[in-house]
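Beneath this line is the structure, given in structure tokens, with notes to follow.
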Amino acid sequence: MKRRSVLGAALAGAVVTPALGATAARAADPGPSVTRTGTTLLDSQAIYFVSYDGLVNNNAFQKNGLLTYKGHQYAVWYTADRNAVVGRRAVGSGTWSTVKVGHTLRYDDSHNVISMGVSKIDGRLHLNMDSHSDGFTYVKSVAGLMDDPTGLSWTTNRFGAPVSTLDGLALTSQFTYPQFLSTPDGKLQLSYRAGVSGNGRNALAEYDGTSWTNLGEWSSSTGTYTSEHGSSTARNMYLHGIDYDRNGRLHAFFTWREQNGAVMCNGGGITNHDTGYVYSDDRGRTWRTSAGAVVGTTGGSDKVAVTDSGLVVDPLNPDHSLMNQESQFTDSAGRPHAIISYVPGRFGQCTTNYVTDRTRNGRAFHVRRNSSGAWQKTEIPVALGSSQRTKLALDRYDNAYAILPFGRIWGASAASGYTDWKSLFDPSALDAFGEVVIDETRIAQDNVLSVMYQVKSSGTTPSALRVIDFALPA
């Protein structure tokens, strides 16, 4: 496959324009709004430690830490005594029932999150947990548990024993970032990274109701990337998400992280650069640019690489502390949207401490593909005040919601072309730590935005873990 430098790809393949003009929206459609309807307590004493600027129970890259299925909502977390638990409640109920699944957290590492997925083909709940560039722990429920929540008791014996493989399928000894996604045909896929930060590959496994299959790796860690400061020959692709839209297309926004710090202007920054995008119309087997060109095959010899043209939709060099693993969503027409964040050039062309600089001057941006196929970007006009990530959600009218660190909610209307960002919820009374987890599945099912957050604490003193619910425009 023909390859060229990433700079050439950015110039040839990306169309980045100011967010002008409106999307197709009916004049009667309401704009964004959130109405707080209640808060429930998951755990008054959830485990608390700050690692990599985050919490193990509230890392924005979790997929899913909170989900809704057939009238019940599910949440996962670690208790103060390090037990992995799953909570369940009937939608609208103020009470959660909790079961332990037989695993205890090994390390004080915020990467070691718990992720949930549902295999619709057999009604099982699946958990993958406690991994950062090493082994993982996997647990699944009995068949039908998710299909009959009122008929089947919520007890520990509904779950199998924790194991270190996917029912005997060993994936990699360097496993991180489990993300489950339900396929349109009822199967379940597991996205993960093989390798380590700065030298890793994205991969997929698939469960068909009987067994797991390793589909293989689809991104490459090799190739040369050159900035104005230096070059790097190894990297990893960090996903902002991986999601099926209602038409069955699989979307993935990403950024690259280089292994060699020589690509940066200052060693205190972070080597992330460029926002890219690919999609797949065959359940993750073949990957294409937004223009439709094939750039990689899962499990094949040709993988999505930094040297592929047409990947970059928003070019940015490594000098602005671009965050990895932010957020994405698709609208009612299947168009992809993402949140990215970095320190804009008006605050300088070289960050020297990515935590300090992002906290002081970082801004979040809404990136989307419009109805004409062009990529547009709009700044959300509020300081991050944090080094951490923002979540994105869209409602039934395609209004956009940015759930910023500390649980702040800002919104913009589809009718305006996402140019009218405004504050919708001030969470000062929540005393939330920073990043939050949202229930992506409940929005479409119940028209409710559920946000899981943990109360700020100090040291390793446990604190309350809660879910707050907001009704979206009817």
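All values below were derived from every heavy atom in this structure, side-chain atoms included, with hydrogens, water molecules and symmetry-related copies excluded.
Note: His132 and Tyr107 fail the aromatic proximity criterion, with ring centroids not under 6.0 Å apart. A ring-centre distance under 6.0 Å is not found for Tyr401 and His366.
The side-chain heavy atoms of Arg389 and Asn59, taken from C-beta on, include a pair separated by under 4.5 Å. For the pair Val113/Met129, no side-chain contact is recorded, criterion being any heavy-atom separation below 4.5 Å from C-beta on. Looking only at side-chain heavy atoms (C-beta outward), Pro32 and Leu424 come within less than 4.5 Å of each other. Val448 places none of its side-chain heavy atoms less than 4.5 Å from the side chain of Leu472. Side-chain contact check for Tyr453 versus Phe433: every heavy-atom pair is 4.5 Å or farther apart. The shortest distance between side-chain heavy atoms of Ile340 and His240 falls below 4.5 Å. Side-chain contact between Phe253 and Tyr277: present, with at least one pair of heavy atoms (C-beta onward) separated by less than 4.5 Å. No side-chain heavy atom of Thr275 sits under 4.5 Å from any side-chain heavy atom of Val312.
In this structure, a donor-acceptor pair under 3.5 Å is absent between the side chains of Thr37 and Asp469. Residues Ser332 and Asp398 bring a donor and an acceptor atom of their side chains to less than 3.5 Å of each other. Neither side chain, Trp96 nor Tyr74, offers a donor N or O lying under 3.5 Å from an acceptor on the other. Counting only N and O atoms by type, the side chains of Tyr207 and Thr213 include no donor and acceptor under 3.5 Å apart. For Arg358 and Ser341, the side-chain atoms include at least one donor-acceptor pair closer than 3.5 Å.
Relative ring orientation between Phe136 and Phe175 is described as tilted, the plane-to-plane angle lying within the 30° to 60° band.
Partners of Thr298 by side chain to side chain donor-acceptor pair (under 3.5 Å), not counting sequence neighbours, listed by chain and number: Trp287. Residues meeting the side chain to side chain donor-acceptor pair (under 3.5 Å) test with Tyr192, sequence neighbours left out: Asn214.
Both tests hold for Arg249 against Tyr279: distance to the six-membered ring centre under 6.0 Å, angle to the ring axis within 45°. Lys377 forms a cation-pi arrangement with Phe365, by the criterion of a distance under 6.0 Å to the ring centre and an angle within 45° of the ring axis.
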Under the side-chain hydrogen bond (donor to acceptor under 3.5 Å, both in side chains) criterion, do Arg193 and Asn202 qualify, and how do the steps go?
-> CA-CA 5 Å; Arg193 185 188 72 192; Asn202 289 329; over 6 Å; no
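Considering Asn353, Val355, Thr351, Asn361 as possible partners of Ser321, the one that fulfils the side-chain contact (heavy atoms from CB on, under 4.5 Å) test is Thr351.
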